[in-house]
Amino acid sequence: MSMDDHKQIGEAAERTGLSLRTIRYYEEVGLITPSARSHGGFRLYTDSDIARLMLVKRMKPLGFSLDEMRDLLSVLDELDRADLEPAARASAHERLGMFEAAADERCASLRSQLETAEEFAHSLRRESRQQARHHESAGQDQ
C-alpha cells in the first residue's frame with residue numbers, strides 16, 4: 001500500500017467525525033493502531049483503520065466498554081484470518097453473535113428511553129401552551 005493510500009489523523013478525524021484527541025485516546029488504550037507513520041512521525045491511517053474507528057464510534061452510544069470494543073475488534077480480526085481453524089472460526093462467529101444480540105438489546109433500551117423522553121417533551125409543550133393560554137386570558141380579564 002502506498003503512502004498515498006494513507007490519511008493523516010486530521011483526515012481520519014474529518015471522515016469519522018471523531019476529534020483528534022479521541023482518536024489518539026483510542027490508540028493509547030489499544031483500540032486502534034495507525035497502519036503507518038510518516039517520516040515526520042505523523043500517524044497515518046488506511047481505509048481499514050478508519051472503518052475500525054467508525055465501528056468504535058458506533059459502539060460508544062450503545063454503552064459498550066473499552067474492553068468490549070477491544071474484544072469485538074479482536075473477533076473481527078480473527079474472522080478476517082484465512083488460516084483460522086474451523087473450531088476457532090465457529091467460536092468467533094458465536095462471539096460475534098453475542099455482540100449482535102447485545103447491540104440489539106441496547107438499541108431496544110435506547111428506543112424505550114427515547115420514547116420516555118419524547119413523552120416528557122410532549123407534556124412540557126402541552127403545559128407551556130396551557131400556561132400561555134392562561135396568561136393570555138388573565139391579561140384579557142384586566
Listing, residues 27-36 side-chain donor-acceptor contacts under 3.5 Å, not counting sequence neighbours, or none:
residue: Glu27; atom: OE1; partner: Arg43; partner atom: NE; Å: 2.4
residue: Glu27; atom: OE1; partner: Arg43; partner atom: NH2; Å: 3.4
residue: Glu27; atom: OE2; partner: Arg37; partner atom: NH2; Å: 3.1
residue: Ser35; atom: OG; partner: Asp49; partner atom: OD1; Å: 3.0
residue: Ser35; atom: OG; partner: Asp49; partner atom: OD2; Å: 2.6

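- Tracing side-chain contacts under 4.5 Å through hydrophobic residues (I, L, V, M, F, W, Y), one never reaches Ile50 starting from Leu44; they form parts of separate clusters.
- Atom CE of Met59 is separated from atom CZ of Phe99 by 5.5 Å, given to the nearest 0.5 angstrom.
- Between the CG atom of Leu53 and the OG1 atom of Thr22 there is a distance of 10.0 Å, given to the nearest 0.5 Å.
- Glu14 and Lys7 are not joined by a salt bridge, as no carboxylate oxygen comes within less than 4.0 angstrom of a charged side-chain nitrogen.
- Residues passing the side chain to side chain donor-acceptor pair (under 3.5 Å) test with Asp77, sequence neighbours excluded: Arg52.
- A distance-only check finds a donor-acceptor pair linking the side chain of Thr16 to the backbone of Ala12 [under 3.5 Å].
- Sorted by first and then second residue, the salt bridge (charged side-chain N to carboxylate O under 4.0 Å, His left out) pairs with a member in residues 58-67 read Asp67-Arg70; sequence neighbours excluded.
- Not counting sequence neighbours, Met98 has no partner by the side chain to side chain contact (heavy atoms under 4.5 Å, CB included) test.
- Within the 4.5 Å cutoff, side-chain heavy atoms of Glu78 are placed close to those of Arg95.
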Residues 105-115, side-chain donor-acceptor partners within the protein, below 3.5 Å, at least two apart:
residue: Arg106; atom: NH1; partner: Leu62; partner atom: O; Å: 3.2
residue: Arg106; atom: NH1; partner: Gly63; partner atom: O; Å: 3.2
residue: Arg106; atom: NH2; partner: Glu68; partner atom: OE2; Å: 3.4

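- In terms of the side chain to side chain donor-acceptor pair (under 3.5 Å) criterion, residue partners of Glu127 (sequence neighbours excluded) are, by chain and number, Gln131.
- The closest side-chain donor-acceptor pair between Arg89 and His93, if any, does not fall under 3.5 angstrom.
- The heavy-atom pair separating Leu79 from Ala92 by the smallest distance is CD2-CB, 3.6 Å.
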